Amino acid sequence: MNDQHATVAESNRALEVFAAELTVAAYGVAPRHGAGDKWFDLELDLWRVLTETVRKRTELSKAIQ
């Protein structure tokens, strides 16, 4: 793997970790608003959407630079 691929892989991993951390933070709020037993589905959906949002934002930021 060349340096560019390694950098992209590290960046993708960082985005996944960031989305996971945001999802865990949301867990502290979601049950108070009725998520209840549907938390697992909500967690997966949040993780997916947050990852995609952060990825798009990062790509936009790179394009502007």
Side-chain angles (χ1 to χ4, degrees):
M1 183 182 301
N2 67 31
D3 289 341
Q4 184 178 9
H5 285 116
T7 301
V8 169
E10 289 173 22
S11 177
N12 287 342
R13 176 72 180 135
L15 292 175
E16 289 286 333
V17 169
F18 182 56
E21 290 172 354
L22 290 173
T23 301
V24 169
Y27 178 75
V29 176
R32 289 183 272 169
H33 295 277
D37 61 344
K38 296 183 186 237
W39 169 248
F40 184 72
D41 291 333
L42 177 59
E43 181 179 19
L44 292 176
D45 286 344
L46 277 171
W47 192 346
R48 180 185 53 78
V49 169
L50 290 170
T51 299
E52 186 60 30
T53 301
V54 171
R55 183 171 286 125
K56 285 178 184 177
R57 183 69 167 199
T58 301
E59 289 171 2
L60 178 62
S61 178
K62 287 179 184 177
I64 292 171
Q65 296 175 353

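These figures come from a predicted structure and were not determined experimentally.
- With sequence neighbours left out, the side chain to side chain donor-acceptor pair (under 3.5 Å) criterion links Glu52 to no other residue.
- Residue Asp41 holds its CG atom at 6.5 Å from CG of Asp45, rounded to the nearest 0.5 Å.
- Taken together through direct or relayed side-chain contacts under 4.5 Å among Ile, Leu, Val, Met, Phe, Trp and Tyr, Trp47 and Leu50 form parts of separate hydrophobic clusters.
- Side-chain contact between Arg48 and Leu44: absent, with no pair of heavy atoms (C-beta onward) separated by less than 4.5 Å.
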